[in-house]
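See structure below.
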Amino acid sequence: MEDENYLVQRSQQGELDAFNQLVERYQGQVYNLALRMLSDESLAEDAAQETFISAYRAIGGFRGGSFRSWVLRIAANACRDLLRAAKARRSISLEVLELTPEATPASREESPEDHALRLELGREIQRGLEALPRDQRLVLFLIDIQGFSYEEAARIAQTSVGTVRSRLSRARSKLRDLLQQRPELLPSQFRLKK
Amino acid sequence: MRLFKSHRHRRWQQDVSAYIDGRLEPHKQQALEMHLAECVSCREEMEALRGVVTLLHRLPQVPVPRSFALSEAPVRRMGWGILYAAPLRYATAAAALLLLAIAVGDLVTDQPTAIAPDAAPAAERREEQAPDEALDKTAFTAESPTGEGIAVPAVTPTPQPVGAGTPEKAGEDMTETALAAPAPEELRTEDTLFRWVWVEVALGVLLAVLAVLVATQWWLGRRRRVKY
């Protein structure tokens, strides 16, 4: 695997092949961020494509640091713009994102009932994510789903680590309260005792 | 009833989230651990919160439906603003520095020496001859020591015989005729000053134009800039 800095440098000189290697490397994270933020596969595709086009155009101004943070920041801004436009057109789908069976294959040990419950839990989590304010949703996605550090999440969300910490706390608490309304979906150890 | 929402326990809410991630400051961590040791409900709340985090960690990564690799290079925005951005900035900086240097030179010396080295001795001599009268550097008329205003052509000084206006001569014989007609050095000084004022004005105008261009270019670039 080629060094990221070298790929960035070649991309800055206009080499599309080098840039596409970076795209292949980060398109999963960009698409998943867009999907969780927009809850619409078609919009998420648009956001991901727009992100990489914008990144290619702007890479001349990239001054080092984490390329991943940089491109995810572009993605977060693209989602924000798309959400704003979709809200204006009121065209955003209210359908909750279905996690495809390919994304969550049933294991051999898992019974059909458990598999259905897991899918239902996935939908419930997505509903909970959608109920969160956009800024809290972004931070929760970055830290709890993508596993980023507080510092990297702060860079992507363009805010301070302290703000990330408080947004994350509020987002987790809200999601916990929402999920506790459907305790039958939760693994027993996560249920609150009455 | 959510115990965290009660006033007594609410203060721990944010700390618990950071505690789960190991991001709590040591002194707060100690205080929270002491509280958790004696508060069952807060312990349960923390476990429920930890459960949510675990569930989120387990969420699968959705595979991309297609490749987002670019088939052809999108046109990079290279308008005139970007092409001329650097030269414009350099030209503006150069004009500003030049103007500043001239202004500082004027203020520090209060003499045109920096501009026309040959003009300084003449000005000094003139002050010796008429100490009460300050030499008006920007005026188009020069006053004789007798107080009579004499119109001085700005660009066409009165022709003088060669050698008639040398410093030695001017210092020695101070006749009425000599006093009535300004010395060639004075004429040259005022002529140089006159020209230099126009250089300053021209530089000022150039600087203003360049500043407007730079500001316009910055504003256009800001509108087009990709947010990242």
Side-chain angles (χ1 to χ4, degrees), chain A residues 14 16 19-20 23-24 27-32 35 41 45 48-49 51-58 60-62 70-71 73-74 77-78 80-81 97 99-100 102-104 121-122 125 140 143-145 147 150 165-166 168-170 172-173 175-177 179-180 186-187 189-193, chain B residues 1-5 9-25 28 40-78 82 85 221 224-228:
Chain A
L16 191 60
F19 183 76
N20 279 337
V23 173
E24 296 289 343
Q27 62 182 0
Q29 288 181 341
V30 166
Y31 177 70
N32 271 267
L35 195 58
E41 287 172 4
E45 274 190 52
Q49 194 66 77
T51 296
F52 289 116
I53 290 171
S54 300
Y56 183 81
R57 283 177 173 157
F62 177 63
W70 184 73
V71 83
R73 195 158 55 194
I74 296 177
N77 284 327
R80 197 173 299 157
D81 290 347
L97 174 75
L99 290 175
T100 57
E102 291 81 10
T104 55
L121 179 60
I125 290 172
L140 191 81
I143 293 175
D144 284 345
I145 300 179
Y150 281 31
R165 203 166 92 161
S166 63
L168 183 65
S169 168
R170 272 183 259 135
R172 281 172 175 174
S173 298
L175 194 59
R176 179 198 57 204
D177 291 349
L179 292 177
Q180 293 293 348
L186 295 173
Q189 69 269 28
F190 301 150
R191 291 176 201 161
L192 272 178
K193 294 182 183 77
Chain B
M1 181 186 164
R2 304 241 75 81
L3 287 176
F4 263 156
K5 285 179 180 167
H9 299 267
R10 200 182 294 155
R11 61 179 285 249
W12 302 107
Q13 191 172 352
Q14 190 175 330
D15 286 353
V16 164
S17 173
Y19 178 73
I20 288 171
D21 296 331
R23 296 295 304 246
L24 202 58
E25 295 86 351
K28 284 188 177 176
V40 179
S41 60
C42 279
R43 265 205 315 276
E44 281 182 6
E45 288 280 357
M46 187 185 70
E47 287 312 316
L49 203 64
R50 205 194 293 273
V52 170
V53 174
T54 308
L55 285 175
L56 289 170
H57 282 325
R58 285 183 197 161
L59 273 185
Q61 184 97 336
V62 180
V64 290
R66 64 180 175 86
S67 169
F68 293 104
L70 307 180
S71 53
E72 58 184 59
V75 178
R76 284 183 173 159
R77 294 185 178 105
M78 292 287 284
I82 290 173
R224 282 197 298 256
R225 196 171 301 146
V226 177
K227 284 177 257 167
Y228 58 83

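Only heavy atoms go into these numbers, but all of them, side chains included; no hydrogens, no water, no symmetry mates. Just so we're on the same page: letters track the sequence lines, and every chain starts at 1.
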Least distance between heavy atoms, B:Arg50 atom then B:Ile20 atom: N-CD1, 3.8 Å
Minimum heavy-atom distance between B:Arg66 and A:Gln49, given as atom pair plus value: NH1-OE1, 2.9 Å
Selection from A:Arg170, A:Glu45, A:Arg80 maximising heavy-atom pairs under 4.5 Å formed with chain B: A:Glu45
Contact origin within A:Ile145 toward chain B - heavy atom pairs under 4.5 Å: both
Proximal component of A:Asp144, with respect to chain B [non-hydrogen, under 4.5 Å]: both
Under 4.5 Å from any heavy atom of chain B - which part of A:Leu168: both
A:Arg165 (side chain) donor-acceptor with B:Arg23 (main chain) under 3.5 angstrom: yes
Sidechain-backbone polar pair: A:Glu41 side chain, A:Leu35 backbone, donor-acceptor under 3.5 Å: no
ring-ring contact (aromatic ring centres under 6.0 Å, His included) partners of B:Tyr19, counting only residues at least two apart: none
Non-neighbouring partners of B:Asp15 that pass salt bridge (charged side-chain N to carboxylate O under 4.0 Å, His left out), sequence neighbours left out: none
Atom group of A:Phe19 that falls short of 4.5 Å from chain B, counting heavy atoms: side chain
Leading residue by heavy atom contact count with chain B [cutoff under 4.5 Å; candidates A:Ser166, A:Gly147, A:Ala78]: A:Ser166
Contact leader toward chain B among A:Val23, A:Asn20, A:Leu140, where contacts are heavy-atom pairs under 4.5 Å: A:Asn20
Region of A:Glu24 that comes under 4.5 Å of a non-hydrogen atom in chain B: side chain
